[in-house]
2 protein chains.
Amino acid sequence: MATVETRGEPLSIGEVAERTGLSVHALRFYEREGLLVGPVRRTAGGRRRYTAVDVDWLLICVRLRESGMPLADLRRFAELVRRGPGNEAERLRLLDAHQRRVEAQIQALEECRSVIAWKVSVYTEHLGRGEAGGLWDPTA
Amino acid sequence: MATVETRGEPLSIGEVAERTGLSVHALRFYEREGLLVGPVRRTAGGRRRYTAVDVDWLLICVRLRESGMPLADLRRFAELVRRGPGNEAERLRLLDAHQRRVEAQIQALEECRSVIAWKVSVYTEHLGRGEAGGLWDPTA
DNA sequence: ACTTGATCTAGACCTCGCTCCAGTTCCTAC
DNA sequence: GTAGGAACTGGAGCGAGGTCTAGATCAAGT
């Protein structure tokens with residue numbers, strides 16, 4: 001996948017924040033919450049050093065979150081991955097279920113869009129007619 | 001619009017809850033928050049009696065909320081409508097801005113969907129090959 | 001009359017997903 | 001060696017959007 005150019009050098013939390021769009025706070029929070037697959041490496045001084053793999057995982061997390069997967073599910077998924085091979089079927093079920101939810105979401109949004117578009121057109125037309133009052137108001 | 005068959009008879013809060021999908025609690029909450037266009041009528045005994053117009057407005061609210069409009073914006077919109085004619089341009093701006101957000105949202109979701117679909121296909125293929133381990137794991 | 005169930009109000013409480021703070025330590029540059 | 005910025009931990013706080021409780025009232029059925 002290699003979605004992000006990291007040239008093998010580990011990244012600081014700030015750099016990862018930039019690359020993923022998550023805040024530094026959120027990154028630490030995700031870690032505390034067990035949303036990462038492995039423990040993040042540390043420098044001698046205790047600072048986090050993220051690898052490209054960490055970042056790729058985070059980018060997936062971001063997509064899953066963006067599409068409304070709750071942190072709890074994300075955590076379950078991370079656990080499965082952490083446990084290693086053997087549970088791929090379960091991971092697939094999880095993803096698949098989420099995919100369906102996303103599709104439902106898109107459809108719902110499209111319905112909303114058309115309702116809104118209709119309303120927008122009602123107003124546009126009304127204004128186009130030069131404020132000719134009388135627009136059926138309470139719900140318009 | 002007449003999205004809902006009400007035959008002119010006012011409805012109780014429970015009936016409106018059924019028709020709009022909002023909970024009875026949420027309906028009272030919305031009212032307190034000034035999200036309705038007019039004050040809801042009451043029976044002698046103090047119970048709310050919703051008209052078809054109220055319900056239509058609520059159905060629009062539901063769509064706007066479903067598509068992520070914050071309650072604050074919904075309140076602003078309700079206020080504009082409450083104030084009566086003359087501010088249609090502002091109402092339009094509000095709706096139009098929201099419409100754009102919805103479109104952006106749909107696009108974002110579609111990107112998420114395709115990322116997820118890709119991941120689903122990785123797993124499906126992997127499982128299809130009969131558990132032939134070696135799936136690049138940490139992010140898979 | 002009595003039971004049952006829906007509604008009423010005011011306000012406390014809840015979940016989610018961060019965000020921010022305090023106080024400290026690390027590191028880089030001058 | 002010192003200043004200044006980034007990162008560290010643990011825990012408190014927050015905003016959104018409801019949800020729920022308590023205790024009372026209303027209304028319909030038997």
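This structure is a prediction, so every number in the text was calculated from the model and none was measured. In what follows, every chain begins at residue 1, and chains take the letters A, B, ... in the order their sequences are listed.
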Proximal nucleotide (of [options]) relative to the [X] side chain:
X: B:H25; options: D:dT21, D:dG18, C:dC8; value: D:dT21
X: A:R32; options: C:dT19, D:dG18, D:dC8; value: C:dT19
X: B:S12; options: C:dG17, D:dA7, C:dT7; value: C:dT7
X: A:Y30; options: D:dC8, C:dC18, D:dG17; value: C:dC18
X: A:R47; options: C:dT7, D:dT19, C:dT25; value: C:dT25
X: A:F29; options: D:dG18, D:dG17, C:dG17; value: C:dG17
X: A:T43; options: C:dC27, C:dT7, C:dG17; value: C:dC27
X: B:S23; options: C:dT9, D:dT19, C:dT19; value: D:dT19
X: A:L71; options: C:dC18, C:dC8, D:dG18; value: C:dC18
X: A:A26; options: D:dA27, C:dC18, C:dT7; value: C:dC18

Are A:E125 and A:R129 close enough for a salt bridge, meaning some N to O gap below 4.0 Å?
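Salt bridge between A:E125 and A:R129, a charged N being under 4.0 Å from a carboxylate O: yes.
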
Between B:E31 and B:R28, does any side-chain N to carboxylate O distance fall below 4.0 Å?
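Not counted as a salt bridge, because no side-chain N and carboxylate O are separated by less than 4.0 Å.
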
